[in-house]
Amino acid sequence: MARITKLDDIVSLCKRRGFIFQSSEIYGGLASCYDYGPLGVELKNNVKKAWWKSVVQTRDDVVGLDCSILMHPLVWKASGHADKFADLIAECKKCNTRTRVDHLQEKETEHADEHTEHVSIDAAQAKGYDLSNKLCPNCGVVGQFTEPMPFKLMFETQMGANVDDSMTMHLRPETAQGIFANFRNVLDTTRVKIPFGIAQIGKSFRNEVTTKAFIFRTREFEQAELEFFCEPGTDEQWYEHWKEARFNWYTDLGIKKENLHFRDHDPDELAHYAKACVDVEYKFPFGSGDWQELEGIANRTDFDLRQHQRGMRTLNKWYERKGDMTSIELSDEAEEYQKGPLSYFDDEKKQRYVPYVIEPSAGIDRSALAFLVDAYDEEEVRGETRNLLRFHHALAPVKVAVFPLVRKEGMPDIARNICNDLKKYFHCFYDEKGAVGRRYRRQDEAGTPFCVTVDGQTLEDNTVTVRDRDSMEQIRVSTGQLVNHFRDTLDM
RNA sequence: GCGGGUGUAGCUUAGUGGUAAAGCCCCAGCCUUCCAAGCUGGUUACGUGGGUUCGACUCCCAUCACCCGCUCCA
């Protein structure tokens with residue numbers, strides 16, 4: 001069986017096979033950033049394709065979207081990220097460990113403050129947290145903390161080349177807000193009716209306090225997010241629906257069931273906007289903290305749409321202050337917010353309401369790695385170790401490899417023609433170098449499901465062997481039937 | 001950010017204050033009619049920058065990156 005037991009083994013495998021490289025490696029690397037190599041980009045694209053197919057294309061109730069990474073600054077004011085997407089951290093002078101201020105416990109009461117997730121930067125600084133009675137969770141010393149330091153979790157950048165009138169913008173920390181901001185557009189243009197969802201795949205950026213663990217927590221990462229809008233009161237059943245759908249997506253694509261589970265969030269662990277949240281976690285086969293989150297599924301209620309209705313009411317203020325975000329507060333919610341611009345009118349029930357949102361939010365990079373690790377296998381074949389990646393066909397970077405058995409008797413030409421034909425339908429790879437056994441094993445390591453070999457018999461009856469990656473068994477297929485054969489077996 | 005560790009070829013590892021080795025991989029050729037065979041030849045490395053020294057991959061300092069732990073985190 002696979003003997004990947006350390007993160008190092010995975011990193012090494014990814015590098016060796018051209019799946020994942022460190023970013024800017026020729027310059028010594030850049031912390032927390034990674035590049036996908038030739039096989040990795042195929043795998044990652046296939047993961048995205050499989051997600052899109054499952055969540056958008058095979059459903060009648062979900063449409064797609066692709067938003068810009070830069071958005072109006074008020075988006076992040078309304079969503080709460082501008083003020084709250086920061087952690088306040090204090091360091092114990094005694095033992096040098098850092099703890100989130102809102103996790104610190106009082107000496108006497110032994111109770112932490114109520115969970116606040118993220119704190120307002122301004123408020124926290126103004127308030128001047130009193131830490132003199134707080135207990136260091138590591139060494140137990142009381143009141144020996146540095147001043148709390150806020151960590152901004154959003155990347156800042158400037159829009160406008162002229163320094164004088166450039167505006168500070170943020171790279172999105174999640175793709176979700178672009179979906180909420182387009183809720184009205186989609187509603188007005190695509191004849192969707194609630195319940196329906198809007199899906200998006202794209203890059204997001206977060207200045208994590210610490211990164212590490214290879215590509216599990218990087219500052220630049222790709223998300224696949226669905227915001228599924230439903231009538232209040234039906235949200236719990238849709239939450240269950242998406243829990244099941246998303247879990248099955250992973251197992252349908254080959255993740256072993258014993259390596260996947262749900263982890264429900266405790267009530268005090270929930271974000272301020274969430275009514276319920278569950279993680280889909282994968283058991284990576286190394287080290288400590290083995291269960292790692294691949295996806296979070298949250299019931300975000302009507303929080304986001306209501307916040308953006310407030311944001312829209314703040315726009316005039318923003319213009320009056322010439323875009324100075326620090327000097328304005330988000331406007332209060334309208335009394336009749338249920339009839340606001342981001343509300344929905346149900347024509348059958350003649351009712352207007354702000355929909356609830358179920359959000360499955362998957363990490364594409366983490367998922368791709370889980371698929372890679374889960375597919376890795378070693379087995380003994382005639383005293384030799386065979387390394388292979390048992391990718392689901394839909395995820396395999398290369399679908400078919402085509403070989404001449406030997407470079408003689410016109411076999412290379414025939415094989416090349418076959419490869420050129422198949423290329424129109426599947427990602428193929430041609431190879432004529434060295435012993436055929438070596439070529440088979442090479443494809444095993446890349447996870448290619450099938451190899452086609454042109455041999456002596458091909459010259460007589462126009463059949464070729466098709467060799468299966470997992471079983472190593474071979475069957476003969478006539479060259480004219482190859483495209484149909486692979487369409488069936490690859491299900492493409 | 002703290003503590004500990006690591007950094008030599010694409011990968012896995014040797015090694016020395018004085019010309020840097022091996023296996024695998026890879027490439028070229030020969031040979032090969034179905035699972036990493038063999039033969040010949042070949043490419044590629046001391047993370048980066050300083051310092052000490054006649055001379056540094058080796059010693060020192062800094063820096064970058066990664067790993068483990070703490071901390072943090074969807």
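Residue numbers start from 1 in every chain, and the chains themselves are labelled A, B, ... in the order their sequence lines are given, proteins ahead of strands. The figures here come from the full heavy-atom set of this structure, side chains too, leaving out hydrogens, waters and symmetry mates.
Comparing the C1' positions of B:A37 and B:C46 gives a spacing of 34 Å, expressed to the nearest Å. Nucleotides B:G18 and B:C31 have their P atoms positioned 47 Å apart, rounded to a whole Å. The same atom, P, is picked in B:C64 and in B:A28; the two are 41 Å apart, to the nearest Å. With both ends at atom C1', the span from B:G15 to B:A21 equals 7 Å, rounded to whole Å.
The nearest whole Å value for the distance from the CZ atom in A:R16 to the C1' atom in B:C11 is 6 Å. Between the CD1 atom of A:I26 and the C1' atom of B:A45 there is a distance of 16 Å, given to the nearest Å. Regarding A:Q22, its CD atom lies at a distance of 12 Å from the C1' atom of B:C67, rounded to whole Å. The CD-P distance, from A:E409 to B:U32, rounds to 11 Å in whole Å. The CD-P distance, from A:E380 to B:C35, rounds to 17 Å in whole Å. Distance, A:E432 CD to B:U33 C1': 16 Å, rounded to whole Å. If you take CD of A:E445 and C1' of B:G10, they are 13 Å apart, rounded to a whole angstrom. The interatomic distance linking A:K408 (NZ) with B:C34 (C1') rounds to 14 Å, in whole Å.
A:D304 and A:Q177 form a side-chain donor-acceptor contact under 3.5 Å, judged by distance and modelled atom types alone.
For B:A65, the OP1/OP2 oxygens have no side-chain nitrogen or oxygen of A:Y27 closer than 4.0 Å. Using a 4.0 Å cut-off, no side-chain N or O of A:R442 falls inside it from OP1 or OP2 of B:A36. Taking side-chain N and O atoms only, A:K433 has a distance below 4.0 Å to OP1 or OP2 of B:A28. For B:C25, the OP1/OP2 oxygens have a side-chain nitrogen or oxygen of A:R438 closer than 4.0 Å. At the phosphate of B:U32, neither OP1 nor OP2 sits under 4.0 Å from any side-chain N or O atom of A:R439.
Heavy atoms of A:G29 sit under 4.0 angstrom from primed sugar atoms or phosphate atoms, though from no base atom. At the heavy-atom level, A:S12 lies under 4.0 Å from the strands shown only through sugar-phosphate atoms. Looking at heavy-atom distances under 4.0 Å, A:F21 makes no contact with the nucleic acid at all. Nucleic acid contact class of A:Q474 (heavy atoms, under 4.0 Å, all strands): base. Looking at heavy-atom distances under 4.0 Å, A:R386 makes no contact with the nucleic acid at all. A:Q223 comes within contact range of no nucleotide atom at all, as no heavy-atom separation falls under 4.0 Å. Counting any heavy atom pair closer than 4.0 Å across all strands shown, A:S361 reaches no nucleic acid atom.
Taking the centre of each ring, A:F371 and A:W249 come in below the 6.0 Å mark.
Looking at residues 240-250 of chain A, you'll see that no heavy atom sits under 4.0 Å from any atom of RNA chain B.
Using a 4.0 Å cut-off between charged nitrogen and carboxylate oxygen, A:R386 and A:E379 count as a salt-bridge pair. A salt bridge links A:D377 to A:R390: one of the charged nitrogens lies within less than 4.0 Å of a carboxylate oxygen. With salt bridges taken as basic N to acidic carboxylate O contacts below 4.0 Å, none links A:R263 and A:E293. Between A:R217 and A:D365 there is no salt bridge, since no side-chain N of the basic residue sits under 4.0 Å from a carboxylate O of the acidic one. Checked for salt-bridge contact, A:E295 and A:R366 miss the test: no charged N lies under 4.0 Å from a carboxylate O.
Note that CZ of A:F486 is 12.5 Å distant from NZ of A:K399, once rounded to the nearest 0.5 Å.
Mapped onto RNA chain B by nearest heavy atom, A:R17 and A:A298 fall at different nucleotides, with A:R17 at the one closer to the 5' end.
A:D431 pairs with exactly one of A:R438, A:R439, A:R442 by the side-chain hydrogen bond (donor to acceptor under 3.5 Å, both in side chains) rule, that one being A:R442.
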